[in-house]
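Please read these numbers as outputs of a predicted model, since none were measured by experiment. We use all heavy atoms of the structure for the numbers below, so side chains are in, but hydrogens, waters and symmetry mates are not. One-based numbering, in listed order, for ligands and for the atoms of each.
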Amino acid sequence: ESSTTHRSGKMPVATLLPFTATPNRKSASPTSFRLTEKFILLLVFSAFITLCFGAIFFLPDSSKLLSGVFFHSSAVETNTRTGPDSSDSGSAGNDDRVLAKIRKDHEKALLEAKDTLQKRPDEIKQDIIIEKEKVVKESMGQGGKDVNNLPFVEYRRPPGATGHEPLDPETRDRRAKIKEMMKHAWDSYRRYAWGSNELRPVSKQGHSSNLFGSIKGATIVDALDTLYIMEMFEEFDAATDWVEKNLDFNVNAEVSVFEVNIRFVGGLLSAYYLSGKEVFRRKAVELGEKLLPAFKTPTGIPWALLNLKSGIGRNWPWASGGSSILAEYGTLHLEFMHLSKLSGNPEFAQKVMNIRKVLNRLDKPQGLYPNYLNPNSGQWGQHHVSVGGLGDSFYEYLLKAWLMSDKTDEEGKKMYYDALQAIETNLMRKSSGGLTYIAEWKGGLLEHKMGHLTCFAGGMIALGADGAPGDKTGHQMEQAAEIARTCHESYARTALKLGPEAFRFDGGVEAIATRQNEKYFILRPEVIETYMYMWRFTHDPKYREWGWEAVQALEQHCKVEGGYSGVRDVYAPTPNHDDVQQSFYLAETLKYLYLLFSDDDHLPFDHWVFNTEAHPLPVIKKDKTDRPNEK
Ligand code: DMJ
């Protein structure tokens, strides 16, 4: 804008100088004209002006010509060339209509400009991209497919993709602090491990987990949406660029179907819904298609592991009787429903709906879902039940499938509330010290142990309480609050004020890890996740305080020069770092902390559900007009 002003401010003055020169200056100038020359010049000039005016006002259709030249209105062109009133009579009615149209177009343009001025630069940039894509689509005709064979979907950003500063100064500062933590985690990864799956923050190098085979960039994909919601757009653009150029699923390697789905498919889907960038939709669908061979089993219950090149699947060798794992095959639903939506391919949705069918045909011991299910026979393996590892996110996805369907998925709803009832009856207990916990069930016997992973259940139960059947809302909110308190205790009772991997309620202890191999903390999110849900539903300030305690402990014991690290023993007075910055630290822990210190209209629950890796996915609205990405 400034360069335009500069040009139009100076150039014309210089060009017009000979015609505006004063007699004094003229006589002083060596290039001045004699009187007769001046007279001839004046005559030529006025003849030229007369000719122009004559053309404008007296030639037929000249007023339209004027409009066309000055306003470039396509509406004018349409009306004058092909419209019903385009006879060469040049009627006054037609001219009025043309002028009215011009006026209307101008008003519209002004309003649009006003709207645009209120948007952030990245939103404007995104709108331009969307407009361009629309034009491409229109040039391909209705139902056109792009180069990657994906149907056109009109992108509409769901509400609350970014937030605003909280009014209260303390909350504002705390929120800013979380962003600073994200920056440290991200910058360190970028500096020392760019392109690797994770960062080793102590040894300052990349770290590869075999969960992702030879797919690379787990931290980049997992962090995309966190960068976006924290408005770290320079970092988001760098991550997008990496995805465009380097994210490659054509690998001859075995991956965990579950991990790749929740982190990569989930991360790409969220990045798409937040930013509207097509590359994320394309990559998510491409990866989803690569996962489909995992469902080639006699029952359609997918394998845990899949070679992405050969399409050959198998199960974890340690799983009971060659079984698939409940929390793995039961945690595909949300992503696969969205994959069908965005690809137009119903196969994704059919695969996950079939899992439900298999489960609903089976008898459930005490109404509980065992962690192991054989994909060949369709029979349960060992009757072990857990709301922590091996079971956890299956329950979460039943509830969220119902919420994400705008509460139309009645089957998901029933399965969730029935399962929760069975969990309450058989697994939920209160310690003598008054702490509610969810134990593990092994063939009817209880193991009085609760995992850090199980702590997500506080948030889940709070999220589902509102829809609980039979007046149970209040009761479930109490349960959720009690679980949050227990999990907070598991942090409070350690030296580092960070929670152990698992804690027990036996042998005279409560909420304390007793086995050495359960004392570690790997930057997991579940306890903070529950604080975030509890804060949203109750606005009890204690949840923000508890979250802040965790921030201080993370800063004190997990922060190192090269990022953030897990610790090996939360009961030891000084931290022994495990040298891994897990990708879920950026995807989940920091995102939930940020939301804990944000207002409720940032990723509001009536428009978004979080997948189990904290990747927000939009609710698919019943009302067509409010559906994301649908015409
Ligand atoms: C994450 O990958 C997901 O939250 C998953 O559901 C469980 N484990 C980790 C974080 O602890």
With Q552 via side chain to side chain donor-acceptor pair (under 3.5 Å) - residues at least two apart: none
Ion pair check, E180 and K183, cut-off under 4.0 Å: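 K183 and E180: not salt-bridged.
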Side-chain ion pair, E396 and K400, N-O less than 4.0 Å: yes
Exceeds 12 heavy-atom contacts within 6.0 angstrom, atom CZ of R429: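 Yes, CZ of R429 has more than 12 neighbouring heavy atoms, counting only those of other groups under 6.0 Å.
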Residues in the immediate environment of ligand 1 (any heavy atom closer than 4.0 angstrom): I262, R263, L453, R524, P525, E526, F584, E588, T612, E613
L403 and its side chain to side chain contact (heavy atoms under 4.5 Å, CB included) partner, picked from D606, D466, V609: V609
Identified side-chain hydrogen bond (donor to acceptor under 3.5 Å, both in side chains) partner of E501 from the options H452, R524, R515: R524
